[in-house]
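Taking it in order: structure first as structure tokens, then the write-up.
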Number of protein chains: 2
Amino acid sequence: MNEIAPRKTLPRLDESLLTHLPPFSRLEKRQIRTILDQATSRRYDAGVAVFEEGHDADRFYMLLDGYVRVVRITPTGEQVTALHIPAGQLLGIAKAIGRDTYPATAMTATESIALSWPMRLWDTFVTEYDGFATETYKTLGHRVGEMNTRIVELATQQVEQRVANALLRLINQTGRKVDGGIEINFPITRQDLSELTATTLHTVSRLLSGWEKQGLVESKRKRIKVCDPHALVVLSQG
Amino acid sequence: MNEIAPRKTLPRLDESLLTHLPPFSRLEKRQIRTILDQATSRRYDAGVAVFEEGHDADRFYMLLDGYVRVVRITPTGEQVTALHIPAGQLLGIAKAIGRDTYPATAMTATESIALSWPMRLWDTFVTEYDGFATETYKTLGHRVGEMNTRIVELATQQVEQRVANALLRLINQTGRKVDGGIEINFPITRQDLSELTATTLHTVSRLLSGWEKQGLVESKRKRIKVCDPHALVVLSQG
DNA sequence: TCAACTCTTTGACCTAGCACAAAGTCCGCC
DNA sequence: GGCGGACTTTGTGCTAGGTCAAAGAGTTGA
């Protein structure tokens with residue numbers, strides 16, 4: 001099981017952390033200061049839970065750095081990744097959808113840093129801070145769209161297409177241009193990729209081996225570089 | 001393609017239509033009157049689109065009677081049902097998630113009746129009517145939960161379990177107690193069921209035939225009666 | 001430098017459920 | 001009342017991709 005580590009307040013936070021992030025970008029310096037003073041900052045190792053499904057939704061988060069995946073764990077213990085959340089987005093906003101427990105578990109995919117606030121401040125944020133609610137709901141809308149897409153993919157696409165799509169999404173969100181291609185910016189195992197695409201690590205491994213032979217990708221342990229994104233797009237279309 | 005039929009105003013609407021529905025239940029009679037006076041009422045035949053994916057989200061709806069399924073259509077023309085919405089719920093609330101086009105198509109599963117309002121009234125509803133926003137976001141939260149569940153199902157369950165689950169959900173939402181079991185309250189084809197569970201009508205047909213032989217269900221053309229829900233629950237658990 | 005992990009690859013086999021095909025049944029309409 | 005269309009059933013392959021098994025290759029730390 002994943003322990004949830006205790007929070008820890010770090011030295012005074014700088015305002016520039018938030019000023020460029022949409023939910024806060026319309027606020028005055030003074031407001032941002034207040035928000036930061038109420039925040040708790042914390043670093044998370046890779047692979048730990050930020051919060052867990054079913055637990056009391058007592059805090060909401062802003063991911064400042066790193067990458068989080070939102071997973072659900074089935075009765076039989078399999079993990080299914082429902083969403084990936086990149087830095088700069090809110091997380092654990094159960095209150096926004098009228099829930100008082102978290103509907104899923106959030107696990108870090110890499111080492112990450114997040115601010116968090118007690119959920120009792122939620123209503124204040126929504127009413128006091130101009131643009132906060134709107135931006136939050138946009139994020140929500142975006143996520144609903146992604147979930148929809150995922151449902152359609154699962155329902156209609158072959159494994160090969162799904163894996164290709166997942167890879168493309170990952171390099172779009174977190175790709176880093178490197179020599180000879182675009183590399184996924186954090187360590188990711190075949191197992192992770194299989195949980196994202198609802199297949200087995202064996203199948204993912206076979207697919208990647210095949211693609212590597214064709215020169216579409218290069219990969220080492222926990223690292224994947226896409227050399228020919230266009231070919232992947234073609235594959236992903238079936 | 002599905003034509004979207006023109007709206008038509010019916011005779012003066014009665015307040016009791018809304019008073020017992022959560023988004024409106026806290027309002028005063030006077031407010032409900034205003035809301036109704038601004039509403040357009042319309043009847044939809046079975047199998048027509050209430051609104052379509054990608055179109056301008058210019059109205060939001062309250063389903064008063066009937067049943068709507070929210071579908072997405074893939075590039076290859078297959079339909080995937082993302083959600084089922086029963087009477088008494090809001091529909092087409094794109095604005096609530098910061099979108100200005102509808103993210104999916106809503107098709108009636110039966111003959112249905114819905115009220116609708118121009119989207120420009122949305123903000124008024126949210127700010128003026130006590131409880132409206134909260135209830136709306138609860139609905140949204142509920143739907144997000146359902147989508148999550150669907151993703152997990154698609155990712156981990158066998159076809160038989162998914163079909164069993166779909167049937168159970170349908171009788172829970174719209175089951176009508178009848179002689180010898182619970183019947184789904186509207187006409188539903190094997191094709192519909194296969195779109196709900198991401199399989200083929202052939203497989204659904206085979207499964208239902210099998211279950212019928214074991215006495216779990218009885219079905220005629222477009223009608224399904226579940227005789228032994230408990231056995232279905234067992235099946236659905238794998 | 002070796003032991004213990006964790007991650008990856010590859011092979012051999014097997015089966016759930018899809019595709020294709022054809023026939024049967026129910027229903028509304030002319 | 002019978003014709004045409006919409007729905008359903010059932011049979012016969014076939015194959016994508018899962019399962020099981022085993023071995024190889026990085027990584028960590030003592």
Side-chain angles (χ1 to χ4, degrees), chain A residues 45-48 74 76-80 109-110 153-167 184 186-214 216-225 235-236 238, chain B residues 45-48 74 76-80 109-111 153-167 184 186-214 217-225 235-236 238:
Chain A
D45 284 328
V48 304
T74 66
T76 61
E78 294 153 286
Q79 288 190 9
V80 179
T110 4
E153 275 188 25
L154 285 172
T156 62
Q157 299 190 328
Q158 305 279 91
V159 168
E160 182 172 47
Q161 299 169 41
R162 297 207 301 268
V163 176
N165 267 318
L167 232 43
I184 294 172
F186 61 89
I188 184 167
T189 66
R190 323 280 143 157
Q191 175 76 37
D192 291 336
L193 213 42
S194 74
E195 278 164 12
L196 250 164
T197 50
T199 175
T200 62
L201 83 154
H202 306 271
T203 300
V204 170
S205 178
R206 281 182 240 271
L207 283 172
L208 286 179
S209 297
W211 292 344
E212 186 138 18
K213 275 192 196 99
Q214 296 169 52
L216 302 194
V217 305
E218 270 171 50
S219 75
K220 328 190 217 329
R221 178 174 244 246
K222 289 194 177 192
R223 286 270 150 213
I224 301 174
K225 181 171 85 182
L235 272 182
S236 77
Chain B
D45 283 329
V48 305
T74 68
T76 61
E78 294 153 287
Q79 287 191 9
V80 179
T110 4
E111 186 181 322
E153 275 186 25
L154 285 171
T156 62
Q157 299 190 329
Q158 306 279 92
V159 169
E160 183 173 47
Q161 299 169 41
R162 298 207 301 268
V163 175
N165 267 317
L167 231 43
I184 293 171
F186 61 89
I188 183 167
T189 66
R190 323 281 148 165
Q191 175 76 35
D192 291 337
L193 213 40
S194 74
E195 278 164 13
L196 248 164
T197 50
T199 178
T200 61
L201 83 153
H202 306 271
T203 300
V204 170
S205 178
R206 279 183 239 272
L207 283 172
L208 287 178
S209 297
W211 293 345
E212 185 139 18
K213 273 189 197 105
Q214 296 168 52
V217 304
E218 272 171 48
S219 75
K220 329 189 218 330
R221 175 174 248 245
K222 290 196 177 192
R223 286 271 150 212
I224 302 175
K225 181 172 85 184
L235 272 182
S236 75

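Since this is a predicted model, take the numbers as computed values, not measurements.
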Identify the heavy atoms of B/Arg190 and B/Ser219 that sit nearest to each other, and give their distance.
->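 Of all heavy-atom pairs spanning B/Arg190 and B/Ser219, the closest is NH2-OG, 3.2 Å.
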Residue whose nearest DNA chain D nucleotide is more 5′ - A/Val159 or B/Arg190 |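 The residue closer to the strand's 5' end, by nearest nucleotide, is B/Arg190.
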Just jot down the salt bridge (Lys or Arg N to Asp or Glu O under 4.0 Å) partners of A/Arg221, sequence neighbours excluded, or say none.
->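 Once residues adjacent in sequence are excluded, A/Arg221 has no partner under the salt bridge (Lys or Arg N to Asp or Glu O under 4.0 Å) criterion.
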Can you name the residues that form a salt bridge (Lys or Arg N to Asp or Glu O under 4.0 Å) with B/Glu160, not counting sequence neighbours?
->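 Checked B/Glu160 against salt bridge (Lys or Arg N to Asp or Glu O under 4.0 Å); zero matches.
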Looking at residues 198-206 of chain B, who's got a heavy atom less than 4.0 Å off DNA chain D?
->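 When residues 198-206 of chain B is checked for heavy atoms under 4.0 Å from DNA chain D, the hits, listed by number, are B/Leu201, B/His202, B/Ser205, B/Arg206.
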With sequence neighbours excluded, what pairs up with [X] under the side chain to side chain contact (heavy atoms under 4.5 Å, CB included) test?
X        : value
B/Ala166 : B/Leu193, B/Thr197
A/Ser209 : A/Ser205
B/Ser194 : B/Gln191, B/Thr199, B/Leu201, B/Val204
A/Gln157 : A/Glu153, A/Gln161, A/Arg162, A/Asn165

First contact, last contact: which nucleotides of DNA chain D are these for chain B, 5' to 3', heavy-atom distance under 4.0 Å?
->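 It runs D/dA6 to D/dT12.
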Terminal contacting nucleotides, 5' and 3', DNA chain C versus chain A (heavy atom, 4.0 Å) |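 Contact span on the strand: C/dT6 to C/dA12.
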For [X], give me all partners under side-chain hydrogen bond (donor to acceptor under 3.5 Å, both in side chains), at least two apart in sequence or on another chain.
X        : result
B/Gln158 : none
A/Ser236 : none
A/Thr200 : A/Thr203

